[in-house]
Amino acid sequence: LNNYDSVVAAVRSMTDLGQLGGYALPQSRVTISTVGVVPRMKQLVRDLPGLSLALSLHAPTQELREKIVPSAKHVSMEDLLSAMDLHLEQKTARAMIE
């Protein structure tokens, strides 16, 4: 989600009924996967409500995540799960952990 503006533009383009007609994807069928850019995860809730979000943890513990994913050193598991909860609060969105 470090390329947030491009991601949002792409989703809006793929889901634009006016542009694509019957070929447009329903926004509820689009899933964005992230390693955990928490501010952008929270922003997605406002900008693209109903969009599904998948969080790629890469490991079951914070310690192992930090070894595998360097950016994990700056984001706690608790903050990631809290951001995922925001998506679950929307009854039309799905939140997945992979």
Colleague: Counting only heavy atoms not in D85 (residues, nucleotides, ligands), do more than 12 fall under 6.0 Å from its CG?
Modeller: yes
Colleague: Is there a side-chain contact between T31 and R94, using heavy atoms and a 4.5 Å cut-off?
Modeller: no
Colleague: Measuring from L53:CG to L88:CG, what's the distance to the nearest 0.5 Å?
Modeller: 9.5 Å
Colleague: Once rounded to the nearest 0.5 Å, what's the spacing between atom CG of D16 and atom CG of L25?
Modeller: 11.5 Å
Colleague: What closest approach, in Å, do D79 and V75 show between heavy atoms, and which atom pair accounts for it?
Modeller: CB-CG1, 4.3 Å
Colleague: Mind checking whether L44 and L1 have side chains closer than 4.5 Å, heavy atoms only?
Modeller: yes
Colleague: Which pair of non-hydrogen atoms, one from S56 and one from S33, has the smallest distance, and what is that distance?
Modeller: OG-OG, 3.2 Å
Colleague: Assess whether atom CD of E78 is packed by more than 12 heavy atoms of other residues, nucleotides or ligands within 6.0 Å.
Modeller: no
Colleague: Could you grab the distance from atom CG of L55 to atom CE of M96, nearest 0.5 Å is fine?
Modeller: 10.5 Å
Colleague: Could you please spell out the steps behind the side-chain contact (heavy atoms from CB on, under 4.5 Å) verdict for V35 and H58?
Modeller: CA-CA 8 Å; V35 296; H58 295 93; 3.6 Å; yes
Colleague: Taking the side chain as every heavy atom from C-beta outward, state whether R12 and L48 have any pair of such atoms under 4.5 Å apart.
Modeller: yes
Colleague: How about D47 and Y4: do any of their side-chain heavy atoms sit closer than 4.5 Å?
Modeller: yes
Colleague: What is the distance from atom CE of M77 to atom CD of E63, rounded to the nearest 0.5 Å?
Modeller: 11.0 Å
Colleague: For A95 versus M84, what's the shortest heavy-atom pair and its separation?
Modeller: CB-CE, 3.5 Å
Colleague: Give the C-alpha distance, both sets of side-chain angles, the deciding distance and a yes or no for side-chain contact (heavy atoms from CB on, under 4.5 Å) between I97 and L81.
Modeller: CA-CA 9 Å; I97 297 177; L81 296 178; 3.7 Å; yes
Colleague: When hydrophobic residues are tied together by side-chain contacts of less than 4.5 Å, even through go-betweens, does V37 share a cluster with V69?
Modeller: no
Colleague: For L51 and H87, what are the C-alpha separation, side-chain angles and deciding distance, and is it a side-chain contact (heavy atoms from CB on, under 4.5 Å)?
Modeller: CA-CA 8 Å; L51 183 81; H87 287 272; 6.0 Å; no
Colleague: Can any side-chain N or O of Q62 pair as donor or acceptor with the backbone N or O of S76 at less than 3.5 Å?
Modeller: no
Colleague: May I have the step-by-step check of side-chain contact (heavy atoms from CB on, under 4.5 Å) for L57 and L80, ending in yes or no?
Modeller: CA-CA 9 Å; L57 286 180; L80 289 173; 4.0 Å; yes
Colleague: Considering non-hydrogen atoms only, spot the tightest contact between A83 and V38 and give its length.
Modeller: CB-CG1, 4.1 Å
Colleague: I'd like to check Q27 versus P49 (side-chain heavy atoms, cut-off strictly below 4.5 Å). Are they in contact?
Modeller: yes
Colleague: Heavy-atom distance under 4.5 Å between the side chains of L86 and M41, does that happen here?
Modeller: no
Colleague: Would you say Q43 and R40 are linked by a side-chain donor-acceptor pair, where the criterion is simply a distance under 3.5 Å?
Modeller: yes
